[in-house]
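See structure below.
These values consider heavy atoms only, across backbone and side chains, with no hydrogens, waters or symmetry-generated copies. Nothing fancy with the numbering, it's 1 onward along the sequence.
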Amino acid sequence: MEQPIRKKNNGQINIVLNGQKRKPIPKDPPIRERHDQDIPPQHIALKEMEEELGVLVGMDEMKRMIKEIYAWIYVNKKREERGLKAGQQALHMMFKGNPGTGKTSVARLIGKLFHKMNVLSKGHLIEVERADLVGEYIGHTAQKTRDLIKKAIGGILFIDEAYSLGRGGEKDFGKEAIDTLVKHMEDRQHEFILILAGYSKEMDYFLTLNPGLHSRFPIVVDFPDYSIEQLMEIGQRMIDDREYVLSRDAERKLKEHLIIIKADPRLVSFSNGRYIRNIIEKSIRSQAMRLLLEDSYERGDLVTLRSQDLVFEEDED
């Protein structure tokens, strides 16, 4: 049985979200069974985190990972109280996957949880990209990177598209940013958490650019693309939040469109949840223009998105 968390020889923890159900093992209770048990009532921070994660679609394995990290930290404190060894493991993470799969949202929630657990003194999220780290001359990049790390102390430094730091070659200043990050991950590893995010293949290559990178990320999380059903669920939640409904024809049209988009190998930049959000927002504006021209404002008209209101990106080309 494949576990939701498995250790490789390099010591990294690899997690695959939205995994398939596993067959139970007859001898020992399977890990999934343990995770599904009710958390004791005193663990309020974990329960609150579970509720917040519950609003995100397709995060079952992430919930298990967070429970395990929480349990490890909590039990380590109990070991310390009993005079046992309680090592401090670095919690730097790598999030791998396409845009729009929930990486930033999860990073923000992890910051809140670790703050409640006193792992982080603030729990805030500093979100940056290459342009925020890389300077224009020798020494500038190291200073910019140190400044951002200083801002992230007590919280999380989240670098999106982190692989772009290694795209310019040996003479590019991005390498200076990587070297500075590696140094501070070691020197201040328990003062902040670094989360690097980006496409899976590009992040695998990025790890090869500095010999110290690979070992400094004990937790690696894969964020797979959403399924058609999950994308429809995300869209439905957005529509419900805005007090709209989809007509049957509109729902069918949206699902058929998503099937076509997901099957197109040329659309490597498909942005998952972000794509759905853009469709909903554009369609609401389209519906408003339709109602204005029709001069029709009955309650049913105001809340219903019809098939002609759905606007897809290729329709605007």
Side-chain angles (χ1 to χ4, degrees), residues 1-8 10 12-23 30-32 35-36 49-50 52-69 91-110 113 127 156 158-164 195-207 214 217-238 254-280 313:
M1 167 181 171
E2 185 185 356
Q3 305 295 339
I5 294 183
R6 62 184 188 276
K7 280 197 174 183
K8 289 186 174 180
N10 57 28
Q12 284 185 327
I13 299 173
N14 280 283
I15 303 147
V16 180
L17 306 188
N18 308 330
Q20 295 179 346
K21 291 184 178 180
R22 300 158 175 90
K23 296 179 181 179
I31 284 181
R32 168 164 287 197
H35 283 289
D36 288 342
M49 169 62 79
E50 283 191 304
E52 293 196 57
L53 277 173
V55 305
L56 301 177
V57 175
M59 291 292 162
D60 291 345
E61 296 293 346
M62 177 58 70
K63 293 174 189 175
R64 293 185 183 88
M65 183 273 287
I66 287 174
K67 280 185 182 179
E68 292 194 354
I69 292 177
L91 293 171
H92 302 304
M93 305 179 188
M94 182 170 291
F95 289 178
K96 301 195 297 186
N98 288 329
T101 47
K103 297 187 290 296
T104 307
S105 299
V106 168
R108 191 170 287 112
L109 290 177
I110 288 174
L113 174 66
E127 186 177 357
I156 292 175
F158 182 89
I159 305 179
D160 199 13
E161 298 184 358
Y163 52 82
S164 63
I195 299 180
L196 302 184
Y199 293 104
S200 296
K201 289 183 179 179
E202 283 84 346
M203 292 306 293
D204 288 339
Y205 171 73
F206 175 73
L207 285 175
H214 206 280
F217 291 94
I219 302 171
V220 178
V221 187
D222 290 315
F223 286 73
D225 288 347
Y226 291 112
S227 66
I228 300 297
E229 290 71 23
Q230 288 170 337
L231 288 170
M232 290 296 293
E233 183 180 349
I234 291 170
Q236 189 60 58
R237 291 189 184 193
M238 291 177 181
L254 177 59
K255 188 169 186 176
E256 289 173 352
H257 173 74
L258 291 175
I259 291 171
I260 293 171
I261 290 292
K262 288 274 287 179
D264 192 338
R266 296 170 299 173
L267 299 176
V268 293
S269 59
F270 175 63
S271 58
N272 290 274
R274 210 169 298 164
Y275 184 83
I276 288 292
R277 184 185 66 211
N278 289 341
I279 288 177
I280 300 303
E313 290 183 5

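Side-chain contact check for L91 versus I110: every heavy-atom pair is 4.5 Å or farther apart. Within the 4.5 Å cutoff, no side-chain heavy atoms of I234 are placed close to those of N272. Within the 4.5 Å cutoff, no side-chain heavy atoms of Y205 are placed close to those of Y163. Side-chain contact between H257 and I279 is present, with at least one heavy-atom pair separated by less than 4.5 Å. Between V106 and M93 there is no side-chain heavy-atom pair separated by less than 4.5 Å.
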Set out, in order, the CA-CA distance, both residues' side-chain angles and the distance that settles side-chain contact (heavy atoms from CB on, under 4.5 Å) for E233 and R237, then state yes or no. CA-CA 6 Å; E233 183 180 349; R237 291 189 184 193; 2.7 Å; yes
Determine, stepwise, if the pair E68 / R64 fulfils salt bridge (charged side-chain N to carboxylate O under 4.0 Å, His left out). CA-CA 6 Å; E68 292 194 354; R64 293 185 183 88; over 6 Å; no
Carefully, step by step, assess I69 and I219 under the rule side-chain contact (heavy atoms from CB on, under 4.5 Å). CA-CA 10 Å; I69 292 177; I219 302 171; 3.4 Å; yes
Would L254 and L231 count as a side-chain contact (heavy atoms from CB on, under 4.5 Å) if you check the C-alpha gap in whole Å, the side-chain angles of each, and the deciding distance to 0.1 Å? CA-CA 10 Å; L254 177 59; L231 288 170; over 6 Å; no
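Expressed to the nearest 0.5 Å, how far CG of L207 lies from CZ of F217 amounts to 7.0 Å.
Nearest heavy atoms, K103 versus G97: NZ-O, 3.3 Å. Counting all heavy atoms, side chain and backbone alike, A107 lies closest to I195 at CB-CD1, 3.9 Å. The heavy-atom pair separating N98 from T101 by the smallest distance is O-OG1, 2.7 Å.
With sequence neighbours excluded, the residues that form a side-chain contact (heavy atoms from CB on, under 4.5 Å) with E127 are T104, R108, F158. Remark: R274 engages no residue in a salt bridge (Lys or Arg N to Asp or Glu O under 4.0 Å) (not counting sequence neighbours). The salt bridge (Lys or Arg N to Asp or Glu O under 4.0 Å) test applied to E229 returns no partner, not counting sequence neighbours. Under the side-chain hydrogen bond (donor to acceptor under 3.5 Å, both in side chains) criterion, N278 pairs with no residue at all, not counting sequence neighbours. The side-chain hydrogen bond (donor to acceptor under 3.5 Å, both in side chains) check on E161 picks up nothing, with sequence neighbours excluded. Looking at residues two or more places apart in sequence or on another chain, you find a side-chain contact (heavy atoms from CB on, under 4.5 Å) between I259 and I228, K255. Residues meeting the ring pair (Phe, Tyr, Trp, His ring centres under 6.0 Å) test with F95, sequence neighbours left out: F223.
Note on K96 versus D204: salt bridge recorded, some NZ/NE/NH1/NH2 to OD/OE distance being below 4.0 Å.
K262 places a side-chain N or O within donor-acceptor distance of the main-chain N or O of Y226, the cut-off being under 3.5 Å.
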